[in-house]
Amino acid sequence: MRVLYFAWVRQKVGIAEEDVAPPAEVRDVATLVAWLAARSPGHAAAFADPKQLRAAVNQDFATPDHPVAANDEVAFFPPVTGG
Amino acid sequence: MRVLYFAWVRQKVGIAEEDVAPPAEVRDVATLVAWLAARSPGHAAAFADPKQLRAAVNQDFATPDHPVAANDEVAFFPPVTGG
Amino acid sequence: MAKVLVQQAPFDAGAETAALTAGRTDVGGVASFLGVCRSDDGLDAMVLEHYPGMTERAIERIAAEAEGRWPLTGCTVIHRVGRILPGEPIVLVLTASSHRAAALESCAFLIDWLKTRAPFWKREEFAGGTERWVEARAEDDAAAARW
Amino acid sequence: MAKVLVQQAPFDAGAETAALTAGRTDVGGVASFLGVCRSDDGLDAMVLEHYPGMTERAIERIAAEAEGRWPLTGCTVIHRVGRILPGEPIVLVLTASSHRAAALESCAFLIDWLKTRAPFWKREEFAGGTERWVEARAEDDAAAARW
């Protein structure tokens, strides 16, 4: 599974992307967040308040209950501020 | 009093402007319309249906009850269609 | 204070837009509306007549109304008169503001009011020499009455 | 089908507008919104980050939504990324239609949805080296929810 980070999420995690192989109990965005948060202090800081985070699965915005699978591209970022 | 005509009102009257000296009973836009309509067949055609006409007195839109006086510039035209 | 021009000549929308932002850093957005001559029903040309003097005065008032209702950093209205061919621009409305909603709303307001409160009249010329005065549309009155 | 570009380079709003009317006579109006970088609070520069791939996809979807809701003859969205200085343009939305209301409304819709549904993030750089990520604004969500 490819995980991407943007904006301050990227800065806190300390990397822009990584390949991960979460265990079988990681089935959706919410359980992936909990699993990623345990990977490093940077991850923990980035994922400390899930309400501040938004996610995309395979480049579509996704809610916490959206399923994730081994070949997915999953991204985490703050609410968008373009335009 | 200077009277100006625009668009199809000008075409029907046959002239773009004229100086007129209406009698004292012409006190407002409505009575001016009635008086002008009697000046020629062209005027009569132009003023046949006052509901199709709009007026301005001294370059401000004016309603039929708007007063008119000797030194005024009064214009008659169809509803505007710019933009 | 808005820039208002009534002219036969074409205008340069890009240069007018640049003029609203040049040398300042408080403009967050510029909204614009460019009205273009369509060739419905085999139109050959559109001839725009106006009431010189009153036209500029009316547009300046409409622009002042917009500047009173929204916090604008700039406003430009250019309306062409005379003979205009299909595909050519007729009118340009530009509004600049620190905030996008003010720019967007005031731009829509200006074109709606211009359509119903500025003394212009359009005559359509068709192939074969026929012509027709454009009639005012109830939906334009409704659009103007929204504001 | 909208023209969507995400790029570092500046764009030419005049040329993009001309492209929407070139060679056709069914366009009655072109509405546009140009978003410009303000220098609030002593801003030195704005740095725009995005999600390559998803960004274009998201904008194309928003544009397709606009084209489904309004009868547009053309639609162009250009959003810059990278470092942008105060006074420089950030985003251009252009909509063309036979009817002005369709152009004006769809333009406002597009910029409202772009602000809340396209993966861009703004970082502000201030004199002295401090920086700050721009926070999403509740009023932008409200503006987007109108449509």
Side-chain angles (χ1 to χ4, degrees), chain C residues 11-18 20-44 46 73 85-101 103-112 114-115 137 139-140 142-143 146, chain D residues 11-18 20-44 46 73 85-101 103-112 114-115 137 139-140 142-143 146:
Chain C
F11 45 76
D12 181 341
E16 297 298 337
T17 305
L20 287 180
T21 55
R24 56 196 303 166
T25 55
D26 59 340
V27 178
V30 181
S32 87
F33 179 78
L34 180 75
V36 180
C37 179
R38 290 199 312 267
S39 71
D40 298 354
D41 307 326
L43 183 83
D44 258 4
M46 183 84 84
T73 59
L85 303 180
E88 288 187 352
I90 299 173
V91 60
L92 176 68
V93 173
L94 288 171
T95 52
S97 177
S98 294
H99 303 289
R100 79 177 183 288
L104 289 163
E105 289 172 16
S106 59
C107 181
F109 164 84
L110 279 164
I111 188 68
D112 281 348
L114 268 181
K115 288 231 169 221
R137 294 155 69 238
E139 64 195 85
D140 285 336
R146 289 185 298 157
Chain D
F11 45 76
D12 181 341
E16 297 298 338
T17 305
L20 286 180
T21 56
R24 54 194 309 165
T25 54
D26 58 341
V27 178
V30 182
S32 86
F33 180 78
L34 180 73
V36 179
C37 179
R38 290 198 312 264
S39 71
D40 299 354
D41 308 325
L43 184 82
D44 257 2
M46 183 84 84
T73 60
L85 303 180
E88 289 187 351
I90 299 173
V91 60
L92 175 68
V93 173
L94 288 171
T95 52
S97 177
S98 295
H99 303 289
R100 78 178 185 289
L104 288 162
E105 289 172 16
S106 60
C107 181
F109 163 84
L110 279 164
I111 188 68
D112 281 348
L114 269 180
K115 288 231 168 222
R137 295 156 66 239
E139 64 195 85
D140 285 337
R146 291 185 297 158

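Just so it is clear: chains get the letters A, B, ... in the order the sequence lines come, proteins before strands, and each one is counted from 1. Since this is a predicted model, take the numbers as computed values, not measurements.
- In this structure, the portions of Asp112(C) lying under 4.5 Å from any heavy atom of chain D include both its backbone and its side chain.
- Looking at Arg100(C), both its backbone and its side chain come within 4.5 Å of chain D, counting heavy atoms on both sides.
- With a threshold of 4.5 angstrom between heavy atoms, Ala108(C) approaches chain D through its backbone and through its side chain.
- To the nearest 0.5 Å, the span separating OG1 on Thr21(C) from CZ on Arg38(D) amounts to 14.0 Å.
- Between chain C and the options Pro86(D), Gly28(D), Gly35(D), heavy-atom pairs under 4.5 Å are most frequent for Gly28(D).
- Residues that satisfy the ring-ring contact (aromatic ring centres under 6.0 Å, His included) test with Phe11(C), not counting sequence neighbours, are absent from this structure.
- At a 4.5 Å heavy-atom cutoff, the contact between Ser98(C) and chain D is made by backbone and side-chain atoms alike.
- Put simply, of Leu43(C), Asp26(C), Asp12(C), the one with the most heavy-atom pairs under 4.5 Å next to chain D is Asp26(C).
- If you measure heavy-atom distances from Ala96(C) to chain D, you find no contacts under 4.5 Å at all.
- By number of non-hydrogen pairs under 4.5 angstrom with chain C, the leading residue of Gly87(D), Ala15(D), Ala31(D) is Ala31(D).
- Listed options Ser32(D), Gly14(D), Gly29(D) were ranked by heavy-atom pairs under 4.5 angstrom with chain C; first place goes to Ser32(D).
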